[in-house]
There are 2 protein chains.
Amino acid sequence: MKNNKYLTIYEEMVEQIKNGTLKPNTKLPSENDLVEQYDTSRETVRKALTMLSQNGYIQKVRGKGSFVLDMTKFDFPISGLVSFKELAQKMGKPWKTIVNEFELIKPDDYLQKHLSVTGKDSVWKVLRSREMDGERIILDKDYFNKKYVPILTKEICEGSIYEYLEEDLQLKISFAKKEIYVEEPTEEDCRYIDLQDYNHVVVVKNFVYLEDASLFQYTESRHRLDKFRFVDFARRGH
Amino acid sequence: MKNNKYLTIYEEMVEQIKNGTLKPNTKLPSENDLVEQYDTSRETVRKALTMLSQNGYIQKVRGKGSFVLDMTKFDFPISGLVSFKELAQKMGKPWKTIVNEFELIKPDDYLQKHLSVTGKDSVWKVLRSREMDGERIILDKDYFNKKYVPILTKEICEGSIYEYLEEDLQLKISFAKKEIYVEEPTEEDCRYIDLQDYNHVVVVKNFVYLEDASLFQYTESRHRLDKFRFVDFARRGH
DNA sequence: GAGTGGTCTAGACCACACG
DNA sequence: GTGTGGTCTAGACCACTCC
């Protein structure tokens, strides 16, 4: 059980914003007020406020105060990493995952380069179709370095691999690079996606890194054109 | 002239990473070493390191140290907000902007909702085609709230509106929400994009907010399928 | 001038990695 | 145990907004 004061403050305030105790477009108590309220130091309060700001909950304005943002404008999760399961649940649609292929392979050159593994390492390869409203609209191709994921079963693949990795294996995913583009469908796409007349697919490539900066997963998510949607929420750096 | 110590440290270290003084996959000096090196306090050093980490330059590992990441893996700008001008320059290709339409309009219902303006406000509407290798491959539709952008000229539109807003008008852009999806081309797309046989376009919608959380710009960027590419670099929260 | 958030300091203790 | 980064404190001064 962690005991981070700033995290506690952050989570409490998120809760208050979500349940309406703190209303959109109103001013938050000043940092000094919060110091008294939470009986802590100012830097700790500020750390919580910075997190709220970075996650799109509030807006800090020097000399004036911090203001609650209207989250209803942003009807999507403030995050670039959304699993299919989350997405489907959010849309309230029935969905299904079909495991097409599931095996341990020796990586080819392309994979060796992208996963930073040698030909001697083993790599899990998982091909899954995602079905919604009776149509297979997404093909997910996942590759995991066996060094980090020693055990994987077909049952896990039918659920959320993502949850398995984070919750069961306790792998700490730290950052991901994403590339999105459009290309013509491969023979594989035709086999595993109900393409109808669409003659292109949207490809989302994901390179997932662990906390120690080692790449452990490479994913290609191939979407039928009409069912693709991506939402991103970006803050400006300096 | 600002005099942020932590920003100075951050910028110096970015420079050292870029020019190779700090090499990929090596360990940084410890925080305590850096405190001595820069004659400052640990929290200040940590602020700089946190920024480096958030911007993908380093990776901090508790109990071990901070490590320089191999930026060559991430051959694209670490940012979701890339202007066409930046992109074209990075690719080293000749490019041109054609201003198709440029006028002050009264917002319709759709715009009123998205720009949070009333029917009495005025809104700048700018339609620009982006040309590369002699083909118009992108149609940019920009709408600005006149309240924030009182003056706009055709000349500015032919360059980078983005730079004009930030550098000349000193508008501080704080965050942006982005939506990406694919749809069939409109009559407008056919007129202003050299679509060839492609019967879909990739639409990137951008909602840009100022520091006080007011929405001042709504942009639609419509790309020919084959010329579309989006790169994103996401850190995990918490 | 009073109040706000932004930066900075010099300490302290903790959790974790490694030998 | 030693060294690392993670959290926290109780101050201080500054830059900005508003009255």
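Each chain gets a letter, A, B and so on, in the order the sequences are listed, and its residues count up from 1. Heavy-atom basis, side chains included; hydrogens, waters and symmetry copies ignored.
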According to the salt bridge (Lys or Arg N to Asp or Glu O under 4.0 Å) rule, which pairs have a member within residues 13-28 of chain B, sequence neighbours left out?
none
Of all pairs that satisfy salt bridge (Lys or Arg N to Asp or Glu O under 4.0 Å), the ones with a partner from residues 34-44 of chain B, not counting sequence neighbours
B:Glu31-B:Arg42
With sequence neighbours excluded, residues passing ring pair (Phe, Tyr, Trp, His ring centres under 6.0 Å) with A:Phe102
A:Trp124
Residues which pass ring pair (Phe, Tyr, Trp, His ring centres under 6.0 Å) with A:Phe228, listed by chain and number, not counting sequence neighbours:
A:His223
Measure from NZ or CZ of A:Lys125 to the centre of the six-membered ring of A:Tyr143, then state whether that distance is under 6.0 Å and the direction lies within 45° of the axis.
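No.
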Distance check needed: [N] [atom2] versus [X] [atom1], whole Å only.
{"X": "A:Lys47", "N": "D:dG6", "atom1": "NZ", "atom2": "P", "value": "8 Å"}
{"X": "A:Met51", "N": "D:dC8", "atom1": "CE", "atom2": "P", "value": "11 Å"}
{"X": "A:Arg46", "N": "D:dT7", "atom1": "CZ", "atom2": "P", "value": "16 Å"}
{"X": "A:Asn4", "N": "D:dG5", "atom1": "CG", "atom2": "P", "value": "18 Å"}
{"X": "A:Leu52", "N": "C:dG5", "atom1": "CG", "atom2": "P", "value": "13 Å"}
{"X": "B:Leu49", "N": "C:dC8", "atom1": "CG", "atom2": "C1'", "value": "16 Å"}

[X] side chain near [N] phosphate (N/O to OP1/OP2, under 4.0 Å):
{"X": "B:Tyr6", "N": "C:dC8", "result": "no"}
{"X": "B:Lys5", "N": "C:dT9", "result": "yes"}
{"X": "A:Thr44", "N": "D:dT9", "result": "yes"}
{"X": "B:Lys60", "N": "D:dG6", "result": "yes"}

Out of B:Arg222, B:Lys205, B:Arg128, which residue meets the salt bridge (Lys or Arg N to Asp or Glu O under 4.0 Å) rule with B:Asp142?
B:Arg128
Write down the protein N/O and nucleotide N/O pairs, taken from nucleotides 11-19 of chain C, whose separation is under 3.5 Å; answer none if there are no such pairs.
residue : atom : partner : partner atom : Å
C:dA12  : N6   : B:Arg42 : NH1          : 3.4

Show the numbers, then the answer: is there a side chain to side chain contact (heavy atoms under 4.5 Å, CB included) between B:Asn25 and B:Val68?
CA-CA 5 Å; B:Asn25 304 315; B:Val68 182; over 6 Å; no
Can you check whether B:Phe230 and A:Phe230 have ring centres sitting under 6.0 Å from each other?
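Yes; A:Phe230 has its ring centre under 6.0 Å from that of B:Phe230.
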I need the residues from residues 28-40 of chain B with at least one non-hydrogen atom less than 4.0 Å from DNA chain D; give them sorted by number, or say none.
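Contacting residues: B:Ser30, B:Glu31.
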Beyond-backbone contact of B:Glu220 with B:Val204, side-chain heavy atoms, under 4.5 angstrom:
no
